[in-house]
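Note that the coordinates shown come from a computational prediction; the quantities given were computed from them, not determined experimentally. Lettering follows sequence order; numbering is per chain, from 1.
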Amino acid sequence: MVVITTVRLLSLALRSLGTRKSRTALTTAGIVLWVAVILATTIANQSTVYSFQEMINSITGKADFWINGASSAGFSEKKLKDVRDLEGIKLASPGVSRGSTLRKGRRRDTVQVAGIDPVVDRQLRHFNVSKGRFIKKGEFALLIPARLAEKKKIKIGDQVTLESKERKTSFKVVGLLEEEGAGRFMGGKVVFIPLRPAQKIFDMRGKLSYIDAQAKPGRSLKKVAAQLSERLGKRFVIERPEKRVEAVSEMLRGLQVGLSFFGAIALFVGGFLVYNTFSMVVVEQTQEMGVLRSIGGSRGQITILVLIQAAVVGISGSALGVVVGIGLAKVLLQFMSETVQIQVVSLSIPLLGVAAAIVIGIAVTLLAALQPAFIAGRVSPLAAIKMGANEPTRRGTIARLFFAFLGIGIGGGISYLPGPEELGIFAKWAVPIHEFGSFMLLLGAALLVPSLIRPLGSFFALPIRAIFRETGKLAAVNLQKNRGRTAATAAAIMITMAMLISVGGMVGSFRESVDKWVDKSLGADVFVSGQNLSVTFNEKLGAKLRRVKGVSDLTTIRIFPVQLNEERIMFRAVEPKSLRRFATLQFTSKNPEKSWASLKRGRRIFISNVVANKRGLKVGDETMITTVKGPKTFVVAGVTVDFGGDIGDLIIGTRSDMKKYFDLDDVSAFRIKVDKGVAPRKVANRIEKKFKHLNPDVQDIQEFKDLVIKQVNSSFSVFNVLILLAAIIAVISLFNTLTMNILERRREIGLLRAVGATRGQIGLMTMLEALMTGAIGVFLGLLVGGFISSDIVNGMNLLTGYEIVFAFPTEVTIMAVVFGLAAAMLAAIYPAHRAATLEIGRAIQYE
Amino acid sequence: MGVKPILEASRLTKVFGRDNLSVTALREVSIEVQEGEFVAIMGPSGSGKSTLLHLLGGLDFASGGKIFIRGKELTGLSDKELTLTRRSEVGFVFQFYNLLPTLSAEENVLVPVVISGRSPLEYQDKLDRLFSLVEMEDRRHHRPNQLSGGEQQRVALARALIMDPAIILADEPTGNLDRRHGREVLNLLKESAAKMRQTIMMVTHDPLGAAVADRVIFLRDGSVVKELRLGGDNDSEAIIAGLKELGD
């Protein structure tokens with residue numbers, strides 16, 4: 001019987017939704033948006049990780065091990081036989097890999113050159129030659145991804161030049177590769193040539209950069225790895241490709257946590273929207289519900305009636321949200337590609353994520369509609385005859401205040417929690433804990449809003465009353481009349497504002513800290529580097545650069561990966577003497593002079609504060625670095641602030657150590673100081689012109705800074721999209737609340753009109769009320785947003801190990817204030833129009 | 001008569017508010033209504049007519065006294081029990097009809113059936129008879145906003161009758177209608193009382209309206225002050241005289 005009744009109630013609920021099409025559509029749109037945000041962030045997260053995985057798989061092929069020497073200078077080719085002779089190894093493919101300039105005619109482009117054994121490598125990796133043929137042993141021929149060839153107008157049979165350290169070698173293009181498998185290596189910016197010519201052009205005769213090896217089927221990879229390291233000795237790094245995927249996932253974790261946080265906020269704002277809507281449904285349908293009660297409808301049936309409406313909106317909104325979410329994920333991925341600097345090719349749609357988004361969508365909708373539904377159930381049958389507002393009970397107020405202060409207490413408390421070190425076993429959860437704190441703070445603040453409406457409303461009413469006199473007074477009275485409703489609107493604005501300001505604060509603080517770092521730590525006027533990290537220059541280029549007119553000083557940098565305590569990290573080799581003429585490194589450790597002096601002694605390193613925080617290292621600690629001479633201890637001589645390397649994950653050592661322990665003598669970048677009074681760009685132009693054949697990337701300080709700032713901005717661009725969506729949801733919520741106010745006050749507005757209020761006055765009154773509500777929301781948003789943004793910066797420091805100083809985002813705040821007030825007014829336009837055009841007679845008869 | 005009354009109220013009291021601010025709307029009102037009887041309640045504004053109706057219909061709780069419908073005591077019932085009683089024993093007709101705007105006339109009549117969890121199919125014959133009674137056969141599928149006030153009130157009457165309630169409580173059913181439509185609705189009430197032996201209790205201000213009843217109960221300041229049995233030739237005059245006595 002219950003089922004039958006529920007089914008019949010369903011049709012009643014559907015009718016009810018059907019008659020209020022525009023509001024049903026708006027509410028559904030709100031749910032669609034937030035379900036889409038949740039799903040899109042999940043898809044974007046997973047797709048990014050999968051893209052990395054796929055990229056690594058495409059490079060890896062069937063290889064179980066990557067074998068690298070301690071230095072990117074390479075290792076003896078004889079080791080290949082050692083590997084192949086091992087009992088557990090099925091296949092070992094040698095390779096030489098370097099960055100180089102690909103030239104056709106006058107065009108120059110930087111590509112990665114992979115020298116491979118054409119026979120063996122094809123058994124290990126997937127090459128799909130779409131046109132032409134595969135390369136043969138020893139020939140000066142190359143394979144190029146079809147997309148790259150098309151872009152550079154390169155055809156099969158063309159002769160192209162590969163330039164490396166002033167050596168130019170001609171190659172014939174023999175085949176085009178599809179964008180899959182090996183063709184995706186380095187994002188498709190790669191060419192494959194046979195091993196011998198590669199060794200020749202890179203001065204690596206008898207040497208290899210790497211060996212990729214495949215174990216025999218059924219062998220324990222752990223055992224084979226042990227065999228390998230025993231046979232090769234300690235100067236080799238044997239890596240499992242999965243480990244790189246793990247490292248990438250770890251790197252992405254910060255971004256993912258950030259995205260999830262926004263998902264949670266979207267959920268929160270969305271919950272508000274649903275709550276507002278169904279409160280409105282109850283207000284509108286009070287009389288109908290009273291009729292149902294008077295003719296025998298039970299409380300439960302009325303509650304179910306509202307919940308069914310919520311479920312219908314929730315289900316349709318969630319289902320549509322999935323479709324929109326997939327579309328939105330594509331947009332997010334565009335931004336994420338910029339942020340993580342990898343081309344995310346295919347969408348990976350997790351079924352579980354889709355299911356979760358739908359379930360969360362429906363559950364949150366039902367949960368948010370629960371209170372209005374229960375209130376509906378409590379509607380007295382007498383409401384059929386007369387309208388009666390459901391005033392919140394005192395007990396309700398006390399409970400609300402209790403939870404408000406609980407939320408604020410938890411949120412505020414968490415923001416003062418110590419860093420990961422002090423958190424001990426919870427260190428891994430430091431960031432989610434802080435985000436939970438921010439969430440609780442928002443929730444607590446939102447619950448507190450109804451109690452703040454009276455004082456804040458009176459305050460903001462002062463100027464409105466002074467300017468708009470009687471109309472302003474009426475608006476101020478209305479504002480106070482239904483505090484619950486005003487509070488819901490103000491809270492929605494507050495949350496959006498808080499988000500705008502917290503993200504603004506986060507980006508602004510990061511940008512400012514990076515800016516300061518660039519100024520102090522780089523100290524150069526012109527930067528000369530390769531187009532990518534694997535392109536290096538001959539050391540002798542330094543002397544030539546010094547002779548360029550306007551160059552007064554120069555220092556070199558070489559960046560390369562090393563294994564530190566068995567983890568991959570970037571090593572930046574510097575010349576301490578010349579570097580110090582350029583930059584003042586910012587030390588977080590004490591006594592910089594002592595640190596510099598120590599570094600010069602050799603086998604000493606500076607670590608970035610990121611490394612110090614993430615790996616728990618401090619001055620005086622010994623670390624183990626794999627060198628060409630085997631594993632060697634390097635002592636930490638200082639801790640510096642650094643935003644370079646893999647998001648600050650780097651160590652600094654001396655160039656002489658580099659030569660000694662890593663067998664390298666080339667240069668990644670030159671930093672140049674120009675003569676006084678000379679424009680850096682002028683010198684940069686001269687260098688570009690003179691060394692055109694090396695295809696260097698030459699930037700003056702301003703360009704370099706702009707680039708860094710651009711990178712910072714693009715890193716955060718994905719958040720902007722999410723904020724925009726949250727803002728849209730908030731505006732819909734606002735619109736609903738204001739419309740609800742008008743509905744509730746139809747009779748009163750009708751009366752005002754009857755006694756002579758003009759349409760203009762009624763419209764203005766509604767707009768002023770919205771303005772005051774907006775002002776309350778904006779004011780509270782500023783407070784909460786300011787606090788949360790400083791907490792987010794804290795959280796970011798915890799996660800990344802950076803030391804970012806919180807900078808209040810003045811510009812964003814001004815924008816947010818304008819937006820908040822404008823959104824409130826915008827959302828009020830239609831309700832104001834509706835109020836102004838109410839038919840007086842009908843409005844009065846409303847009872 | 002020896003027959004048990006279908007509705008019985010004894011020493012019914014209703015006080016609104018508390019302490020100094022309390023208002024007594026009904027003071028120890030006792031009433032008996034027999035099956036098939038049509039009773040009108042009259043009295044000046046604030047005399048407690050509507051309050052009495054609400055208490056008898058289980059829309060509100062009494063502060064004191066007892067109510068029995070078909071021998072079942074209403075006072076002391078929980079909200080749920082009261083709801084179930086309302087569902088099966090009471091039919092309401094309101095001044096403003098109070099139909100659900102999203103449903104057609106027929107669907108509105110069937111709402112009590114639906115919320116009782118019964119199948120509307122079982123009620124098709126009854127539905128036909130009721131629409132024929134209220135002479136609305138050709139307007140069954142119209143929405144309330146497509147019907148006149150009188151038509152809406154007739155639909156409301158059909159809705160009140162569909163579950164065969166013990167009693168129909170009508171709160172100024174003609175208060176919002178013009179003379180002609182008001183008369184039609186009153187005749188319908190009278191007809192259903194006569195034809196279906198339907199017990200009806202109606203609050204009204206209109207002496208002509210009250211004249212269709214079998215008995216008129218006069219209230220003043222929350223107490224029954226007079227009762228008038230009708231059926232004579234000068235019923236209307238007697239009612240007007242009764243009202244004059246009340247000072248209305």
Side-chain angles (χ1 to χ4, degrees), chain A residues 1-21 23-24 281 284-305 308-309 312 374 377-388 743 747 839 842 844-847, chain B residues 50-51 53-55 57-61 78-104 107-122 143-145 156 159-163 165 168-169 171-172 175-176 203:
Chain A
M1 190 171 108
V2 177
V3 178
I4 297 172
T5 317
T6 309
V7 171
R8 303 228 184 272
L9 285 177
L10 176 68
S11 91
L12 198 62
L14 286 178
R15 298 279 181 91
S16 179
L17 287 174
T19 28
R20 294 164 178 94
K21 285 191 192 74
R23 183 153 31 74
T24 305
V281 166
E284 262 186 317
Q285 299 178 1
T286 298
Q287 206 177 7
E288 287 173 39
M289 287 162 183
V291 173
L292 281 174
R293 290 281 285 134
S294 70
I295 57 178
S298 67
R299 287 184 175 184
Q301 282 176 327
I302 306 291
T303 302
I304 288 174
L305 187 69
I308 287 175
Q309 295 189 31
V312 170
F374 277 121
R378 288 211 305 266
V379 164
S380 154
L382 285 173
I385 305 144
K386 55 186 175 203
M387 297 281 284
L743 284 172
R747 195 175 150 80
E839 279 176 51
R842 283 186 61 180
I844 295 174
Q845 268 184 17
Y846 189 58
E847 209 174 71
Chain B
S50 293
T51 306
L53 212 64
H54 297 162
L55 293 186
L59 293 183
D60 208 348
F61 295 92
S78 68
D79 180 80
K80 190 172 181 186
E81 292 163 323
L82 212 54
T83 301
L84 293 177
T85 309
R86 240 182 359 243
R87 198 181 276 178
S88 56
E89 306 292 5
V90 186
F92 278 102
V93 178
F94 300 107
Q95 181 178 358
F96 293 103
Y97 341 122
N98 291 336
L99 300 178
L100 300 184
T102 51
L103 303 182
S104 68
E107 288 165 333
N108 261 295
V109 175
L110 282 171
V111 167
V113 176
V114 168
I115 56 180
S116 309
R118 298 180 197 173
S119 165
L121 291 176
E122 296 168 23
R143 291 260 176 109
N145 60 4
R159 180 178 67 187
L161 286 166
I162 186 98
M163 297 295 283
I168 283 186
L169 299 174
D171 194 355
E172 302 213 30
N176 203 35
V203 165

Visitor: Looking at chain A, which one of B:Leu103, B:Asp60, B:Leu84, B:Val111 has the largest number of heavy-atom pairs inside 4.5 Å, strictly under?
Guide: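 Highest number of heavy-atom pairs under 4.5 Å: B:Leu103.
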Visitor: Does the distance from a Lys or Arg side-chain N to an Asp or Glu carboxylate O, for B:Asp79 and A:Arg378, drop under 4.0 Å?
Guide: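 Salt bridge flag = no for A:Arg378 with B:Asp79.
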Visitor: Does A:Arg299 use its side chain to pair, donor to acceptor, with the backbone of B:Lys80 at less than 3.5 Å?
Guide: no
Visitor: Can you name the closest pair of heavy atoms from A:Ile295 and B:Pro112 and give their distance?
Guide: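 Nearest heavy atoms, A:Ile295 then B:Pro112: CD1-CG, 4.0 Å.
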Visitor: Run the ring pair (Phe, Tyr, Trp, His ring centres under 6.0 Å) test against B:Phe92 and tell me which residues pass, sequence neighbours left out.
Guide: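 In terms of ring pair (Phe, Tyr, Trp, His ring centres under 6.0 Å), with neighbours along the sequence ignored, B:Phe92 is linked to B:Phe94.
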Visitor: Please name the pair of heavy atoms, one in A:Pro381 and one in B:Arg86, separated by the smallest distance, quoted to 0.1 Å.
Guide: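 Looks like CG-NH1, 3.7 Å.
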Visitor: Any idea which heavy atoms bring A:Gly297 and B:Thr83 closest together, and the distance?
Guide: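 Closest approach of A:Gly297 to B:Thr83, heavy atoms only: O-CG2, 3.3 Å.
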Visitor: Would you please name every residue forming a side-chain hydrogen bond (donor to acceptor under 3.5 Å, both in side chains) with B:Ser104, sequence neighbours left out?
Guide: B:Glu107
